[in-house]
Amino acid sequence: MTRSTPGRPSPAGRAARPAPMHLTMLSRGRVYGLFRSLEDVQACTQRLLSLGLAGQSVQLLMGEDGAAALDCDGRRHGLWARLLRLMQGMTDERAHVERYAEALGWGEILLSVDVAGQPGQVPQVAQAFRESGAHFVNHYGAWVVEPLSA
C-alpha cells in the first residue's frame, strides 16, 4: 500500500484525492476550536480523555494542509463543495470557515471533536476547550451553530 499527500501525485502518477472537507453537512455534531500551541491542544486532549471521550473522532488541522482541508471556496472538492460554500455565504458559517483558515495561516491549530452521539457532552467539551486556552469555539449542530466562546 502506498501513501500519498492530498493534492500531490501518487507514486503511480495519479493525483491523490483531497482530504475530506470540513464544515459541511457531513460534519454536523462537532465542536471546533482554535489553539495557539500544541501544548494547549495536548492539555485539551487530556481533559477530553478524562471526560471519557477516548473513542471520539478527534481531528487536528494545521498549516497549509489544514487550510486545504477546510477548502474555503470548495474548489479542491468539486462542484458540490463549491455550491455548499456559496450557500454558506448566506450564513455565518462561511465567515467561520474563513476565520479558521486565516488562523491556520497564522500558525494556529484547529481541533475538532465529534459529539454527535453525545449531545449532552457539549458543555463539558466546551469547558475542556476553554480551560485549555482555545478561542473561537463553536458547536456545529444539525441546523444551528452555537458559539461556545469568543
Side-chain angles (χ1 to χ4, degrees), residues 4-8 16-150:
S4 52
T5 305
R8 294 199 179 116
R17 295 185 76 149
M21 196 165 125
H22 286 264
L23 296 163
T24 68
M25 295 306 289
L26 299 174
S27 58
R28 296 299 169 205
R30 296 192 76 85
V31 173
Y32 283 81
L34 289 167
F35 292 84
R36 291 187 173 89
S37 73
L38 279 173
E39 291 79 17
D40 291 343
V41 171
Q42 290 171 332
C44 186
T45 302
Q46 290 302 315
R47 285 182 173 92
L48 294 171
L49 288 171
S50 72
L51 292 173
L53 296 176
Q56 297 302 104
S57 171
V58 176
Q59 297 174 324
L60 270 180
L61 293 140
M62 300 171 64
E64 290 179 19
D65 288 342
L70 282 177
D71 196 5
C72 284
D73 59 11
R75 290 185 185 181
R76 293 178 181 265
H77 291 87
L79 180 60
W80 161 248
R82 284 182 284 201
L83 291 172
L84 175 66
R85 291 297 189 233
L86 181 66
M87 291 186 311
Q88 285 176 332
M90 296 181 271
T91 70
D92 292 338
E93 252 179 86
R94 178 64 181 259
H96 287 201
V97 172
E98 291 171 353
R99 181 165 176 189
Y100 288 136
E102 184 177 38
L104 291 173
W106 295 334
E108 294 191 29
I109 303 157
L110 181 60
L111 179 67
S112 168
V113 178
D114 182 3
V115 293
Q118 302 175 8
Q121 288 274 18
V122 172
Q124 292 89 349
V125 170
Q127 183 176 353
F129 271 65
R130 284 190 301 268
E131 288 175 354
S132 304
H135 64 102
F136 199 61
V137 180
N138 295 286
H139 173 239
Y140 296 88
W143 300 105
V144 67
V145 176
E146 178 184 6
L148 302 174
S149 77

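If you read the sequence from its start, that first residue is 1, and numbering goes on from there. Values reported hereafter were calculated over all heavy atoms of this structure, with side chains retained and with hydrogens, waters and symmetry mates removed.
- Sorted by first and then second residue, the ring-ring contact (aromatic ring centres under 6.0 Å, His included) pairs involving residues 112-131 (not counting sequence neighbours) are Phe35-Phe129.
- When all heavy atoms of Ile109 and Ser37 are compared, the closest pair comes out as CD1-C, 3.7 Å.
- Every residue two or more places apart in sequence or in another chain that forms a side chain to side chain contact (heavy atoms under 4.5 Å, CB included) with Gln124 is listed here: Leu51, Gln121.
- Shortest non-hydrogen contact noted between Arg30 and Ser112 is NE-OG, 2.5 Å.
- Taken from CD in Glu108 to CZ in Phe136, the straight-line distance is 11.5 Å, to the nearest 0.5 Å.
- Taking CE of Met62 as the start and CG of Leu38 as the end, the distance is 4.5 Å to the nearest 0.5 Å.
- Looking at heavy atoms from C-beta onward, Val122 lies in side-chain contact with Glu146 at the 4.5 angstrom threshold.
- Within the structure, the salt bridge (charged side-chain N to carboxylate O under 4.0 Å, His left out) test picks out the following pairs touching residues 115-131 (sequence neighbours left out): Arg47-Glu131.
- Here the closest non-hydrogen pair linking Leu61 and Leu104 is O-CD2, 3.1 Å.
- The two residues Ala43 and Ser132 make their nearest non-hydrogen contact at C-OG, 3.6 Å.
- In this structure, Tyr100 and Asn138 have side chains that are in contact, with non-hydrogen atoms separated by less than 4.5 Å.
- Side-chain contact between Tyr140 and His96 is present, with at least one heavy-atom pair separated by less than 4.5 Å.
- Evaluation of the side chain to side chain contact (heavy atoms under 4.5 Å, CB included) rule for Gln46 yields Leu49 as partners, not counting sequence neighbours.
- Between Ser149 and Ala134 the shortest heavy-atom distance is OG-O, 4.3 Å.
- To the nearest 0.5 angstrom, Leu110 atom CG is 9.5 Å from Gln59 atom CD.
- Here the shortest heavy-atom pairing between Leu111 and Cys44 reads CD2-SG, 3.8 Å.
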